[in-house]
Structures are given as structure tokens and as C-alpha cells.
Asks: 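Here it is, the structure in full.
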Amino acid sequence: MRKLFYILSAVGILTFASCSDQLETNPTDKVSGPIMFKDANGAETAMNGIYRATYVTGWGKPEDWDDENPGFLGVYLAADLMAEDHFMWSQGQGWFYEDYRLNVRPDYIHKVGRSYQFWNLHYTLISNCNYIIAQVPNAGGDPMLLNSILGQAYAMRACCYFQLIQLYQQTYKGNESAPGVPLYTEPTTSASEGKPRGTVEDVYKQINLDIEEAIKLLKDCGIAQKHSSHIDYYVANGIKARVCMVQQRYEEASAAAKEALSKPNLTPVVSAGTLLGFNNAKFADVLWGAEIISDQTAHFGSFFSHMDADAEGMYAETAQKCIASWLYENIPVTDDRKSWWRGNLSEDEIGEGSMVPYCQLKFKFANTTTRTGDYIYMRAEEMVLIQAEAECHLQHYPQARILISQLGSNRDSKYAERLAKFQDASTYNQNTIAPLKTLMDEILFQRRIELWGEVGRIFDLQRLKLGYDRDYEGSMHTELVKDKDTSAGSKEFIMTIPQSEIDGNANISASDQNPF
């Protein structure tokens, strides 16, 4: 049977060697499972291969649109452009512009579109995680290292299912019995029988089981994070915090975020200037990121090629990514983050590259010659924001104020004055460009600024049950999507199931397709 997610063998091209100073990811020859998993070091090599797969291109078949899908960050960028805080000044060759136009759902019929790319990416990683989870208990070597690898595999599987369920179905609350995504927890081959979609509740139950097992294993093994790309105990707690927020388990979300922030030598909030570029996984606030070395960069297809408009010959040079005018104009002039974007340039100032209104300067190549820059998957500031929001939902307003002040005061020299204006309330505007009134409004606003381009704004709109309207006074959006439904819970906010899965899985039929 043709299984769409089994593109890479369980080891196959995800087999890589590692060294002590950095994560080496040069492909080796294919190695059979028993040889690969004869000891802990071999198992760790296989896990390193999974980490590399989070930032490589090539998830469509044939590889016609490879350059628009740089792994996890490609998912987050697409999910950001689907919402209202991010726009493209020019469409370039159309890569990511169709996400911005909410026009990728019809591409489910072939294997180069978003529906297939995102499905293939996550199920490939899940398939390989399942192989590691099955093999590691039988491997020899250091038992603590084996537990660490096992914990990492469980956490990665949880992360992948979490991203899948957000991409292919509406948010958890109110949709628990809606169709989810197929669940696989054992190794599969091309002959394996496909699973049905199950329910959203089923998927979150598995996510929670996996992340709890990961946290236990990673805590008990006592092994510190060897490399920024590795999921450790603190990253696993960060993943749990994200999941709990979607499920509205706010006490657990706050506790998990707090635990993530307890990582030794982690700086909860670094200066905005320190972060400029967002291209170094060794920043003091980074919990999880991928180091990209010169022989592993995707060049034209890299995340920074899509973001850095000043990198000559790269994609963003003619497809600039910009912050929505409403969001930018509402950032105080005293806020250091204002420098992460250009302002509203006059007609005389508009030029090439980043010289367009509101163009982003937040994400830049670390080295334009080698086309390198690290990918950041999780920062401490996100955990601070999760804690603040969770405490506000719980109506623990003093705690929420302390937490959001921890971030805001490091960004805005007059933040204390700003924060004092907001009334204690857990309610928030249903209109995302309405004046901010409550403490929750402010916390969510800070999240929109701080995490712009990083986590996928559409996911926040889903969990908060918000819609949007790009057509407002002063809007610079080049696509207003007036012909699309952008109200809360719109079908436009989720992907369609790939036709290849419908064709190749006996337990999924055309009637299981998402609304189209």
C-alpha cells in the first residue's frame, strides 16, 4: 500500500554522524536498523537525523516547489502569512504569497502543494520517531543516554502531532469530536494499513501521553542538552506549555512554562538589540534551535532567503515580508522592537530590497556570503508570554502584571506607565485592530509584537477563536482576501487532506476531506 508519510526510511537518509562541538549532519550510507541501534551512540545518530529533517527542504514530490518549504520555519511562516499581522509587499514567484492569499487549499490534488508538503514533513518525522521508540529499548550502551534519546523521540512525536492537528483541524475547545489526523505509534512500512482520522480528542490524548513520557524520561536521565537542536527536559516543558494553552489548561500551561524557564543559564528576556537578526541558536534566550552550517544551508530555499530582503539574489529581495501597518503603528516609539521593521516610507524613500514600507529587519542572514543563519524554534520570551496569558486567564492579575512587565520593561523604557492604563480583566477584543483596554488585550498585543514571524499567528487566532479583517483605514495589505471567509473558525484557516492520502489509505475516503 502506498503510504504518503513513509517517504524516508526509518534510518535511510536520516542517518547522520555527530561530533562533540556541533551537530554534524552529513549523510552516511544507509544502515540497517539492528546495526544502527546496536548501541546508544548509533541511536543518537538517528535522532540527530530527525533534527536535521526539521530544516531541510524537499517535502513535495516532485521537488518543483522545494524552495518554499524550509521545514518547521516554513510551517510557521505560512501560518503567519495566513493571518492579519504579516503581509507581502510583492509576490515574487508566488512562494508564500498563495499562503498570504489563503489560496493553497486547492493544491491538495497533487504532491507539491502545502497540503502534501506539511503532511509529508510531519508524518515522515513521526514515522522515524516511531522507529526509534521501538528500537531504543533493545539497544545497548549507556542507559541514561538511551532514556534521553527515547525522551527526545517522544517529545518530537508530540510536537509533530500538535502541529499537524492545528494545521488540519480547528482548535481543540469545541471541536473535540471533530475529525483529527491519523495516529501512528508503531513503526510502519509501505505495506502498513492506513489509520482513520479519529477525533481531535484522540490526537490530543496521544500528544499529552507522549509529552508526559518525554518529560519524565528527560528529567530522570539527568543529561543536559548537548546541542541547541536537541529537545531536553526544558524544551519538552515548553512544548507542553504550548499544548496546554490550546487546551485551555491554564494552570498546567503556566507551570510548564515556568519549568521551561528554570533552565540553568537561560536568560528569560534578552535585549531587543541582541536578538536583531534572529539567526543564532546560541542566543542566551534560546531554548531550542537548529545550527545551520555552511554545507547544510538551503541557500535559495532557506528561511532567511524568504525573509532577508537585503540579501542579493535571494527570494525576499523581490518578495518582501512586512509587518501590518496597524500593528507597527501601535508599537510605542519608546519600544526598542520598533527597529525590527521599517516604518511607513515616503514615496521618495521606497526602493529595492528592504526599502519598502514596514519591511521586516528582524530575520537576517548571519552571513550572506555563506547563506547561513540558525533557525530558532523556541525562545524564553515565549514562555514568559505563555505564563502571563495563562495567569490572566486564571484571573491572577498581580502575577500576570509582574510577568508581562518582565518582558515589556526590557523592551519599552516607559512600559510601567503603559501597563498601568490597562484594567484587570481576562476578556479581550474580538476585533483584532480595536483599541486595547484590558490586561489581556495588552498581553496578547505583546505576544503579537514579540513573536511576529516566529510561531504562526493563525494558530493563535484559532485557539482564541478570533477572525480578522485586513481592510481597514491605513492598511497596507496587498491582498485583502475579501472573497474569503476570515471570521473565527473559518475553513480557510486549516489545510485540506492530501489527495494522495485519500487515494492510498483505505480508511480515509473523499468524505473525510476537510470542508472545501
Side-chain angles (χ1 to χ4, degrees), residues 54-83 85-104 107 112-114 116-118 120-121 276-279 290 292-324 340-342 345 350-377 452-458 476-479:
T54 66
Y55 63 84
V56 299
T57 61
W59 299 106
K61 303 295 173 184
E63 294 79 5
D64 294 347
W65 297 351
D66 269 9
D67 290 333
E68 73 158 350
N69 190 28
F72 277 5
L73 290 193
V75 174
Y76 307 152
L77 176 55
D80 221 48
L81 284 161
M82 289 169 68
D85 286 346
H86 199 149
F87 77 93
M88 290 180 66
W89 178 257
S90 302
Q91 69 178 51
Q93 294 171 270
W95 296 336
F96 286 100
Y97 199 76
E98 296 305 312
D99 300 286
Y100 174 52
R101 294 179 64 205
L102 299 179
N103 203 37
V104 297
D107 288 335
V112 292
R114 287 292 188 221
Y116 182 94
Q117 288 176 354
F118 291 166
N120 185 25
L121 164 64
L276 198 59
F278 278 74
N279 52 26
I292 312 295
I293 58 179
S294 57
D295 65 347
Q296 294 163 14
T297 179
H299 295 279
F300 199 66
S302 79
F303 175 71
F304 293 103
S305 172
H306 290 284
M307 299 302 285
D308 189 351
D310 294 318
E312 186 176 356
M314 294 291 99
Y315 186 70
E317 189 178 25
T318 57
Q320 300 94 328
K321 310 299 185 298
C322 308
I323 187 172
W340 290 355
W341 302 274
R342 295 205 185 280
L345 305 181
I350 296 175
E352 298 179 349
S354 69
M355 293 303 297
V356 300
Y358 303 107
C359 189
Q360 77 86 28
L361 304 172
K362 181 179 178 181
F363 303 96
K364 308 284 284 185
F365 276 110
N367 187 314
T368 54
T369 301
T370 59
R371 308 302 190 195
T372 51
D374 296 344
Y375 289 6
I376 296 174
Y377 298 151
W452 184 93
E454 292 184 64
V455 297
R457 169 69 174 162
I458 202 70
M476 297 291 286
H477 277 285
T478 54
E479 291 288 341

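Numbers here simply count residues along the sequence, with the first being 1. Just so it is clear, the model here is predicted, and its values are computed rather than measured.
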Asks: Could you give the distance from SG (C359) to CZ (F87), rounded to the nearest 0.5 Å?
Replies: 8.5 Å

Asks: Nearest heavy-atom pair of A324 and H477: which atoms, and what distance?
Replies: CB-NE2, 3.9 Å

Asks: Which heavy atom of P70 sits nearest to which heavy atom of G301, and what is that distance?
Replies: CB-O, 3.4 Å

Asks: How long is the straight-line distance from CZ of F278 back to CG of L73, given to the nearest 0.5 Å?
Replies: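 One finds 12.0 Å between CG of L73 and CZ of F278.
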
Asks: What's the separation between atom CD1 in I293 and atom OG1 in T372, rounded to the nearest 0.5 Å?
Replies: 10.0 Å

Asks: Compare all side-chain heavy atoms of D107 with those of R114 and state whether any distance is below 4.5 angstrom.
Replies: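 Side chain of D107 against side chain of R114, heavy atoms only: no contact under 4.5 Å found.
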
Asks: Would you say D374's side chain and I292's backbone share a donor-acceptor pair under 3.5 angstrom?
Replies: yes

Asks: Applying side chain to side chain contact (heavy atoms under 4.5 Å, CB included) to N279 and F363, what does each step give before you reach the verdict?
Replies: CA-CA 7 Å; N279 52 26; F363 303 96; over 6 Å; no

Asks: Between the side chain of K321 and the main-chain N/O of Q360, is any donor-acceptor distance below 3.5 Å?
Replies: no

Asks: Counting N and O atoms only, with roles assigned by atom type, does the side chain of T57 sit under 3.5 Å from a partner on the main chain of D67, one being a donor and the other an acceptor?
Replies: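 Between the backbone of D67 and the side chain of T57 there is no qualifying donor-acceptor contact (under 3.5 Å).
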
Asks: side-chain hydrogen bond (donor to acceptor under 3.5 Å, both in side chains) with K364: which residues, sequence neighbours excluded?
Replies: D308, D310

Asks: Quick one: side-chain contact (heavy atoms from CB on, under 4.5 Å) partners of T318, sequence neighbours excluded?
Replies: none

Asks: Please name all residues satisfying side-chain hydrogen bond (donor to acceptor under 3.5 Å, both in side chains) with E479, sequence neighbours left out, ordered by chain then number.
Replies: Y97

Asks: The criterion is side-chain hydrogen bond (donor to acceptor under 3.5 Å, both in side chains); which residues satisfy it with D80, sequence neighbours excluded?
Replies: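 side-chain hydrogen bond (donor to acceptor under 3.5 Å, both in side chains) list for D80, sorted by chain: H86.
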
Asks: Distance alone, cut at 3.5 Å: any donor-acceptor contact between the side chains of S354 and R342?
Replies: yes

Asks: Look up atom CE in M355 and atom CG in L345, then write down how far apart they are to the nearest 0.5 Å.
Replies: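 The CG atom of L345 is 5.0 Å from CE of M355, to the nearest 0.5 Å.
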
Asks: Write down the atom of M82, the atom of I458, and the distance for their closest heavy-atom approach.
Replies: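 Answer, listing the atom of M82 first, then I458: O-CD1, 3.9 Å.
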
Asks: Mind listing the closest non-hydrogen atom pair of V356 and G351 along with its distance?
Replies: CG1-O, 3.9 Å

Asks: Could you grab the distance from atom CZ of F365 to atom CG of N367, nearest 0.5 Å is fine?
Replies: 9.5 Å

Asks: For W341, check ring-ring contact (aromatic ring centres under 6.0 Å, His included) against everything at least two apart and list the hits.
Replies: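 ring-ring contact (aromatic ring centres under 6.0 Å, His included) check on W341 returns W452.
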
Asks: Between M314 and F304, is there a side-chain heavy-atom distance shorter than 4.5 Å?
Replies: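 Contact flag for F304/M314 side chains = no.
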
Asks: Using the test side-chain contact (heavy atoms from CB on, under 4.5 Å), find all partners of Q93 that sit at least two apart in sequence or belong to another chain.
Replies: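 Result, side-chain contact (heavy atoms from CB on, under 4.5 Å) vs Q93: W95, F300, Y315.
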
Asks: Under a plain distance cut-off of 3.5 Å, with no hydrogens placed, do Y375 and T54 share a side-chain donor-acceptor pair?
Replies: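 On atom types as modelled, these side chains do not qualify, holding no pair under 3.5 Å.
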
Asks: Are E68 and F96 packed together at the side-chain level, in the sense that at least one heavy-atom pair is separated by less than 4.5 angstrom?
Replies: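 SC-SC contact between E68 and F96 confirmed.
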
Asks: For Q320 and M88, indicate whether the former's side chain and the latter's backbone hold a donor-acceptor pair under 3.5 Å.
Replies: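 No, Q320 side chain to M88 backbone: no donor-acceptor pair under 3.5 Å.
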
Asks: If I take atom CH2 from residue W59 and atom CZ from residue F118, how far apart are they, to the nearest 0.5 angstrom?
Replies: 12.5 Å

